[in-house]
Amino acid sequence: MKFFGDFRLRYEDRRAEDPAGGSIDLQRFRYAVHLGLQGEVYDNFYYGLRVETSANPRSSWVTFGSSSSGTPYQGPFGKSTAGIAISQVYLGWHPTSWAELTLGKMPNPLYTTPMVWDQDLNLEGAAERFKYEVGPADLFATFGQFLYQ
């Protein structure tokens with residue numbers, strides 16, 4: 001069993017202008033917290049559970065001192081967007097050394113880089129991974145069936 005987690009803090013300064021000369025200035029401090037548990041179970045099964053500071057499926061970042069996007073709006077210090085949400089809960093199985101099946105809300109199983117998708121993106125559904133060595137070459141394939149709304 002392995003416990004893991006991280007705390008992130010950042011400052012954002014954004015400005016947008018419209019053609020009529022109006023502008024919006026956004027200056028804010030943001031934070032994100034992730035706490036998780038991973039482990040192995042009986043006969044090549046594994047599991048994972050992670051909680052984070054936001055229920056937003058694309059980002060766990062929450063703004064200090066502002067709840068303008070919360071519903072209902074609770075004033076400038078209402079913290080309506082802060083909370084704890086389950087970001088990952090999954091079960092996996094390694095039937096052989098070259099095959100793996102994962103079900104649930106899981107870390108992104110697809111090959112990607114931070115330039116394409118954020119590492120905080122958690123997909124829901126099923127994923128099948130296959131990896132086979134042929135001499136010096138590694139052949140692999142990843143298939144997924146994910147819920148998208």
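Throughout, numbering of the chain's residues begins at 1 and tracks the sequence.
Not one N or O on the side chain of Thr142 forms a donor-acceptor pair closer than 3.5 Å with the backbone of Leu110.
To the nearest 0.5 Å, atom CZ of residue Phe140 and atom CD of residue Glu133 are 13.0 Å apart. Between the CZ atom in Phe29 and the CG atom in Leu9 there is a gap of 7.5 Å [rounded to 0.5 Å]. The distance from atom CG of Leu37 to atom CE of Met1, rounded to the nearest 0.5 Å, is 5.5 Å. Annotation: the span from Ser60 atom OG to Asn122 atom CG amounts to 9.0 Å, rounded to 0.5 Å. Going from atom CZ of Phe45 over to atom CD of Glu40 covers 11.5 Å, rounded to the nearest 0.5 Å. Separation of atoms CG (Leu35) and OG1 (Thr53) is listed at 9.5 Å; rounding is to 0.5 Å.
In terms of heavy-atom proximity, Pro109 sits nearest to Arg129 at CB-NH2, 3.4 Å. When all heavy atoms of Met106 and Ala127 are compared, the closest pair comes out as SD-CB, 3.8 Å. Of all non-hydrogen atoms in Ser23 and Glu17, the two that sit nearest each other are CB-CG, 3.9 Å.
Under the 4.0 Å criterion applied to side-chain N and carboxylate O atoms, Arg8 and Asp6 are assigned as salt-bridge partners.
With hydrophobic clusters built from ILVMFWY side chains whose heavy atoms lie under 4.5 angstrom apart, Val51 shares a cluster with Val62. Connection of Val89 to Val41 is not established within any shared hydrophobic cluster, with ILVMFWY side chains joined at heavy-atom distances below 4.5 Å, either directly or through further cluster members. One hydrophobic cluster holds both Phe146 and Val116 under the rule that ILVMFWY side chains link at heavy-atom gaps under 4.5 Å. Residue Leu103 is not grouped with residue Leu147 when hydrophobic side chains (ILVMFWY) are merged at heavy-atom distances under 4.5 angstrom, including chains of intermediate members. Linking Ile, Leu, Val, Met, Phe, Trp and Tyr residues whenever their side-chain heavy atoms come within less than 4.5 Å leaves Phe3 and Leu49 in two separate clusters.
Between Phe143 and Phe130, the ring planes lie perpendicular to each other; the angle is over 60°, past the 30° to 60° tilted range. Aromatic ring orientation, Tyr46 versus Tyr90: perpendicular (interplanar angle above 60°, classes split at 30° and 60°).
Two residues are said to be in side-chain contact when any heavy atoms from C-beta on lie closer than 4.5 Å; Phe7 and His34 fail this criterion. Using a 4.5 Å heavy-atom threshold, the side chains of Tyr31 and Arg10 count as separate. Annotation: side chain of Asp138 is in contact with side chain of Lys131 (closest heavy-atom distance under 4.5 Å). Side-chain contact between Glu128 and Gln145 is present, with heavy atoms from C-beta onward closer than 4.5 Å.
Within a 6.0 Å sphere centred on OH of Tyr132, heavy atoms belonging to other residues, nucleotides or ligands number 12 at most. The local environment of CD1 in Ile84 is sparse, with at most 12 non-hydrogen atoms from other residues, nucleotides or ligands closer than 6.0 Å. The local environment of CG in Leu139 is crowded, with over 12 non-hydrogen atoms from other residues, nucleotides or ligands closer than 6.0 Å. Sparse packing is recorded around OH of Tyr111, with 12 or fewer heavy atoms of other residues, nucleotides or ligands lying under 6.0 Å away.
In this structure, a donor-acceptor pair under 3.5 Å is absent between the side chains of Glu52 and Gln88.
Evaluation of the side chain to side chain donor-acceptor pair (under 3.5 Å) rule for Arg30 yields Thr63 as partners, not counting sequence neighbours.
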